[in-house]
There are 2 protein chains.
Amino acid sequence: MNASLKSVSRSRSGSTQIHGRASAHEGVLEMPGEMSLYHGGKLTGVHIAWRFVGPADAPVVCALGGISANRRVCTTEEPKNSWWGQIAGAGCALDSDRFRVLSFDYLGASGDTTGPVEGVAFPNISSYDQAAVLLALVDHLNIQSLRAIAGGSYGGMVALAFGERYPERVSQLLVIGASDRAHPMATAWRTVQRRIVRFGLECGKSKEGLQLARALAMSTYRSSEEFAARFGGPATQGEEGFAFPVEDYLFSRGADYAAKTRPEAFLCLSESIDLHRVDASRIFVPTAAVAIREDQLVPLADVRTMVARLPSGRLHEISSVYGHDAFLKECEQLRPIFNAALGNAAAGSPE
Amino acid sequence: MNASLKSVSRSRSGSTQIHGRASAHEGVLEMPGEMSLYHGGKLTGVHIAWRFVGPADAPVVCALGGISANRRVCTTEEPKNSWWGQIAGAGCALDSDRFRVLSFDYLGASGDTTGPVEGVAFPNISSYDQAAVLLALVDHLNIQSLRAIAGGSYGGMVALAFGERYPERVSQLLVIGASDRAHPMATAWRTVQRRIVRFGLECGKSKEGLQLARALAMSTYRSSEEFAARFGGPATQGEEGFAFPVEDYLFSRGADYAAKTRPEAFLCLSESIDLHRVDASRIFVPTAAVAIREDQLVPLADVRTMVARLPSGRLHEISSVYGHDAFLKECEQLRPIFNAALGNAAAGSPE
């Protein structure tokens, strides 16, 4: 691909050292010409912010997360800015001493990749479009073939889309809490979230709308059991009426999210999840699919059905009080699954 | 109780005949003096709209439903206005030929009982307050003791509150999809609904807010399996973007609800559910509790825990794709449970 590389050197803290042998390297790919989108429409001047962590000579694993994730996968000097810090990093299930971890800010998101401008709607983005962006990155970075794509939630959907389209460019998919299509109950909850955000935009109160939508989303990410254990206490009566323990949690998390996310970006990626549909029978890349029994958004039954259609699929069932969020939290349960899927390749092994 | 009866004769359609031997009789109880509320505050001039269906000499069963239910329990000449038409009526699980079915419009609701005026907040109402209203009705109608209270959802909570407070006035509780307290996950969803409604009120768009809240509520009433079967089709692309099958369902039901419900009434009763806390170990009335395995709002585990604490409780577990709404739909599964709980008493048996 004829793309120019603007490598952005990391100057903050004067170091790119993370842990062990891992070091970070970032850049921005400016894609030439037009990008045709799966659901119709085109984008021009697309730029993709990407990031590597790990030894330069190690096999490359692309790590992709939920719609609020970004290119900062591993624990860094800013742990709060790293969304997969419990799973990926030196000595972790996805070991950044053994693999070079690649990621990018999603198209249509709130990061440094091309996304919506405030107040302007962005075209519909497909998981196939994110896969096309990743292909451009893989070309640009001269990676013959990815050792794997490890994706949780929306990232799992993008992994499946990439595997269907570009099987020669990836050896293994590891998909956690994602399926070949969204479940209608999950679509129901996200539809309500998007309507709340649009309602907020109409009323000139976009932050409040986004806070409300994220509060609802938070209730779908964990299990009923976890909420029972954490928030079983009685309501407290204040001057403005009763407040419930779970309410404080949901709305403070909602406010955090609304402070750093553009409403239009949320709308774009939330809808991208619900529009995701891949043909599992045409994904020939070996695929390890992890289903969480307590996942309210991606039920075990859906992952089972998908795996039965995959030509080379393997199902791993785990249990977790974290529900859908298990992909962010269950380090010890995911470690053997990562080991089995990624093999014992160490830094320096051929890709 | 020193209360005056204004019996309202039913003139519409010129008949009070329903089915079989059942006939309807309605009235309004005007409660004298002040009513002290469980969560603080008082109400004066409270009036309660009640309704009887069934033979005058039959044992009385009080039937209570969810927060959108009202006194019109059984199928009438206006079937759409009857919320328990599949369960209660002539020949149904709750047989209005064998029992006289009593109900009332909830305090704080949108019916003909005292409730909020538009634009004015109403005090917090407890399930104990609804039980006190029912006690006033039982006194007023000269019922020595109810044969049973059969309650689904919020109505089950009111039944439990009545059983704890006034055990000498009821022989049996039949509680479906309700427990001694709300589950924090269900509280999470209702909290978001109330915040949406308040957001709509702040923005001067109360109907839109209530429609959104009800759309969310609808997604919690059924099971994931039912949504998968009904709404698994792809999105359709229109001029305003994509629409999902489940979205059309949720928002048309939301609009119906918003057209007939006062936002302040929704806020009052929704919060009443989350504030509900009874002491199961002090409910000595024999209690049959029906748990629906697919109920997202009232998990089986919570009903089991409650029944273990009830001095005289019996658990019935059922499965239903209707989830929480099974109390409205599962006629054949509920019939033997009603028969066991209500006994074989026919019209004319002593109460």
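Not measured: the values here are computed from a predicted model. Chain naming here is simple, since letters A, B, ... match the order of the sequence lines and numbering starts at 1 in each.
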Within a reach of under 6.0 Å around NZ of A:Lys207, are more than 12 heavy atoms found that belong to other residues, nucleotides or ligands?
-> yes
Applying a criterion of heavy atom separation less than 4.5 Å, what residues of residues 221-228 of chain B form contacts with chain A?
-> B:Arg222, B:Ser223, B:Ser224, B:Phe227, B:Ala228
For the atom pair CD1 (A:Ile196) and CD1 (B:Ile196), what is the distance rounded to the nearest 0.5 Å?
-> 3.5 Å
Determine which residues belonging to residues 263-276 of chain B lie within contact range of chain A, meaning some heavy atom pair is under 4.5 Å apart, and list them by number or answer 'none'.
-> B:Glu271, B:Asp274, B:Leu275
Can you tell which of B:Arg181, B:Gln296, B:Arg230 has the highest number of heavy-atom pairs within less than 4.5 Å of chain A?
-> B:Gln296
Drop me the distance from B:Gln193's CD to A:Leu216's CG, to the nearest 0.5 angstrom.
-> 9.0 Å
Heavy-atom distance under 4.5 Å to chain B: side chain of A:Asn124, backbone, both or neither?
-> side chain
Considering only heavy atoms from C-beta outward, does the side chain of A:Phe231 approach that of B:Thr187 to under 4.5 Å?
-> no
Any chance CZ of B:Arg293 has more than 12 other-residue heavy atoms, nucleotides or ligands included, within less than 6.0 Å?
-> yes
Sort A:Tyr249 into side chain, backbone, both or neither according to what part of it lies under 4.5 angstrom from a heavy atom of chain B.
-> neither
Please flag which part of A:Pro245 lies under 4.5 Å from any non-hydrogen atom of chain B: side chain, backbone, both or neither.
-> neither
Sort B:Leu250 into side chain, backbone, both or neither according to what part of it lies under 4.5 angstrom from a heavy atom of chain A.
-> side chain
Heavy-atom proximity to chain A below 4.5 Å, by part of B:Arg277 | side chain
Bottom line for A:Val192: the part with an atom under 4.5 Å from chain B's heavy atoms is both
Which bit of A:Arg214 is near chain B, if near means a heavy-atom gap under 4.5 Å: side chain, backbone, both or neither?
-> neither
Is any side-chain heavy atom of A:Glu208 less than 4.5 Å from a side-chain heavy atom of B:Glu202?
-> no
Between CZ on residue B:Arg195 and CZ on residue A:Phe251, distance to nearest 0.5 Å | 4.5 Å
Exceeds 12 heavy-atom contacts within 6.0 angstrom, atom OH of A:Tyr257 = yes
Which portion of A:Ala235 sits near chain B, non-hydrogen atoms under 4.5 angstrom | side chain
Reported CE-to-OG1 distance for the pair A:Met185 and B:Thr220, which is rounded to 0.5 angstrom | 8.0 Å
Residue part contacting chain B, namely of A:Phe244, when any heavy atom lies under 4.5 Å = side chain
Which of the residues A:Pro299, A:Pro234, A:Ala215 is involved in the greatest number of heavy-atom pairs with chain B at under 4.5 angstrom?
-> A:Pro234
Within a radius of less than 6.0 Å around CZ of B:Phe242, do more than 12 heavy atoms belonging to other residues, nucleotides or ligands occur?
-> yes
Can you tell me how far CD of B:Gln237 sits from NE2 of A:His39, rounded to the nearest 0.5 angstrom?
-> 8.0 Å
